[in-house]
Engineer: 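Let me begin by handing over the structure; questions about it come next.
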Amino acid sequence: FFRLSPRRKQPRLALGWKCLYPIGIHFGISQILSYLGLYLLVRRTGADMNAYYQHVLMLTGLTGILAAIPCILLYRGDLARRRETGILYLGGVRWQKTGTEQTVGNTADNGKFVRKGATGYGISFVEILGFLVIGAFLGQYGNILVGLFQQYLNPEIYQETQTLISQGKSIWSLIFWMGIVAPFAEEVVFRWLVFLRMRDNLRVITAAVLSGLAFGIYHMNLVQGVYATILGTLFALLLEWKGNLFTSVLLHIGANVWSLMVSDVMLYLLDHVGAGAVMLLNLVLVFAGTFGIWKCYKDYKKRGCTRLI
């Protein structure tokens, strides 16, 4: 399970450093910018914690975006090295150049070629919607699973902090900063860099579990840590199976946005339609989510478990 692939074997210490230092870069930049923003805020408003909580959502989102920029540059360098060293050729995949485009062919697929750029295998509009729904499914039932063990996780402090952060904010502001910006910034670090670098040297399940664990620890509280570990592992697996970078971003956005909206949606349905509508919505979510995951895995097996990113 934890054995390094003999074809890509590296010293474990060097491998660990290569995979984890992007987290340090992200953490360092975000902390520096956060404290700078906090300093300016204190100078302007005084030591007012209410003012801090009013601006912390935007401040966190902006620092996340800025911290993601060097990580995107690191990913582009990783992609170039993967193309040069042949990691993406494994399982029958080979690169070809046609003019200025990159195409990838699978020898197990009758010699057919599909377009492939820096983001990986193509993704359609229907698949975009599908991954948002899968993310909502994983987010909802991930929260339910964590909720079953809440007596052991002491969620009161986390819930109090989240209330202070979201209090007085519009749903659209929460969706933008917590549902879109934060997922993108986190996926750049933890899936595009940490997971894919682990994947260069480890089996897919090992890389997914270890990167998910790193994602959970980074949240630095037990409730979010358990939830993030579970979802981070699943996001990494689906990223591998689909072979498109934005797979994990869409999954994360779907999970976060649905977590922000689910209570209001369920209450609205109960008040205006009835309990049957709530049950139907949950059944649709379960069916669509499980079918989408199964379809991704089936396509992955069909192409011979080849790696596309």
Engineer: Report the distance from atom OG1 of Thr247 to atom CD1 of Ile309, rounding to the nearest 0.5 Å.
Structural biologist: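 The OG1 atom of Thr247 sits 7.0 Å away from the CD1 atom of Ile309.
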Engineer: Hey, can you tell me if His272 and Tyr268 have their rings parallel, tilted or perpendicular (30° and 60° cut-offs)?
Structural biologist: parallel
Engineer: Would you check, one step at a time, whether the test ring pair (Phe, Tyr, Trp, His ring centres under 6.0 Å) holds for Tyr297 with Trp294?
Structural biologist: CA-CA 5 Å; Tyr297 183 68; Trp294 171 80; 9.4 Å; no
Engineer: What about Phe287 and Leu280, same hydrophobic cluster or not, with Ile/Leu/Val/Met/Phe/Trp/Tyr joined at side-chain heavy-atom distances under 4.5 Å?
Structural biologist: no
Engineer: So, for Gly216 and Ala228, which heavy atoms are closest and what is the spacing to 0.1 Å?
Structural biologist: CA-CB, 3.9 Å
Engineer: When Ile, Leu, Val, Met, Phe, Trp and Tyr are grouped by side-chain heavy atoms lying under 4.5 Å apart, directly or through other members, which residues fall in the same group as Leu267?
Structural biologist: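 Answer for Leu267: none, a lone residue.
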Engineer: Please give me the minimum heavy-atom distance between Arg197 and Leu15, naming the atom from each residue.
Structural biologist: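 For Arg197 versus Leu15, the nearest heavy atoms are O-CD1, 4.3 Å.
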Engineer: So do the side chains of Leu196 and Leu245 get within less than 4.5 Å of each other, counting heavy atoms only?
Structural biologist: yes
Engineer: Indicate the atoms forming the closest heavy-atom contact of Leu193 with Pro22, along with that distance.
Structural biologist: CD1-CB, 3.6 Å
Engineer: Leu74, Ile69: one ILVMFWY side-chain cluster at the under-4.5 Å cut-off?
Structural biologist: yes
Engineer: Report yes or no: do Phe176 and Met58 belong to one cluster of Ile/Leu/Val/Met/Phe/Trp/Tyr joined by side chain heavy-atom distances under 4.5 Å?
Structural biologist: yes
Engineer: Kindly indicate whether the side chain of Thr233, heavy atoms from C-beta on, has any atom under 4.5 Å from the side chain of Leu213.
Structural biologist: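 The answer is no; the side chains never approach within 4.5 Å.
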Engineer: Measure the acute angle between the ring planes of Trp192 and Tyr75, then classify it against the limits of 30° and 60° as parallel, tilted or perpendicular.
Structural biologist: tilted
Engineer: Could you pull out all residues at least two apart from Tyr35 that satisfy ring-ring contact (aromatic ring centres under 6.0 Å, His included)?
Structural biologist: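 Scan of Tyr35 (ring-ring contact (aromatic ring centres under 6.0 Å, His included), adjacent residues dropped) gives none.
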Engineer: If every non-hydrogen atom of Val257 is compared with every non-hydrogen atom of Ile175, which pair is closest and at what distance?
Structural biologist: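 Shortest heavy-atom separation between Val257 and Ile175 comes out as CG2-CG2, 4.1 Å.
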Engineer: Roughly how far apart are Glu240 CD and Tyr300 OH, rounded to 0.5 Å?
Structural biologist: 4.0 Å
Engineer: Does the Arg303 side chain pair with the main chain of Trp241, one donor and one acceptor, at a distance under 3.5 Å?
Structural biologist: yes
Engineer: Quick check against the 3.5 Å criterion: does Arg199 have a side-chain atom that pairs as donor or acceptor with the backbone of Leu202?
Structural biologist: yes
Engineer: Could you check if a side-chain atom of Leu36 sits within less than 4.5 angstrom of a side-chain atom of Ile32, using non-hydrogen atoms only?
Structural biologist: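 No, side chains not in contact.
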Engineer: Quick one: OG on Ser166 to CG on Leu260, what's the gap to the nearest 0.5 Å?
Structural biologist: 8.5 Å
Engineer: Is Ile217 linked to Val146 within one hydrophobic cluster, defined over Ile, Leu, Val, Met, Phe, Trp and Tyr using a side-chain heavy-atom separation of less than 4.5 Å?
Structural biologist: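 No, because Ile217 and Val146 fall into different hydrophobic clusters, even though each may have its own neighbours under 4.5 Å.
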Engineer: Start with the C-alpha gap between Phe195 and Leu239, add the side-chain angles, then the distance that decides, and say whether side-chain contact (heavy atoms from CB on, under 4.5 Å) holds.
Structural biologist: CA-CA 10 Å; Phe195 167 67; Leu239 174 60; 3.9 Å; yes
Engineer: Do Leu174 and Val265 land in one hydrophobic cluster if side-chain heavy atoms of ILVMFWY residues count as linked below 4.5 Å?
Structural biologist: yes
Engineer: With sequence neighbours left out, write down each residue that passes ring-ring contact (aromatic ring centres under 6.0 Å, His included) with Tyr218, or none if nothing qualifies.
Structural biologist: His26, Phe190
Engineer: Kindly compute the distance separating CD (Gln224) from OG1 (Thr229), expressed to the nearest 0.5 Å.
Structural biologist: 11.0 Å
Engineer: Between Tyr141 and Phe137, what is the ring plane arrangement, given parallel below 30°, perpendicular above 60°, and tilted in between?
Structural biologist: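 Rings of Tyr141 and Phe137: tilted, 30 to 60°.
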Engineer: Which atom names give the shortest non-hydrogen contact between Gly139 and Leu231, and what distance separates them?
Structural biologist: CA-CD2, 4.0 Å
Engineer: What pair of heavy atoms forms the shortest contact from Pro183 to Asn256, and how long is it?
Structural biologist: CG-ND2, 3.5 Å
Engineer: Do Asn282 and Gln140 come within less than 4.5 Å of each other through their side chains, counting heavy atoms only?
Structural biologist: yes
Engineer: Working to the nearest 0.5 angstrom, can you tell me the gap between Ile123 CD1 and Leu250 CG?
Structural biologist: 5.5 Å
Engineer: Apply side-chain contact (heavy atoms from CB on, under 4.5 Å) to residues Ile29 and Thr63 and explain how you reach the verdict.
Structural biologist: CA-CA 7 Å; Ile29 293 175; Thr63 56; over 6 Å; no
Engineer: Rounded to the nearest 0.5 Å, what separation is found between the CG atom of Leu62 and the OG atom of Ser30?
Structural biologist: 12.5 Å
Engineer: Show, in sequence, the C-alpha distance, side-chain angles and deciding distance for Glu187 and Ile253, and conclude whether the side-chain contact (heavy atoms from CB on, under 4.5 Å) test is met.
Structural biologist: CA-CA 10 Å; Glu187 290 306 309; Ile253 289 174; over 6 Å; no
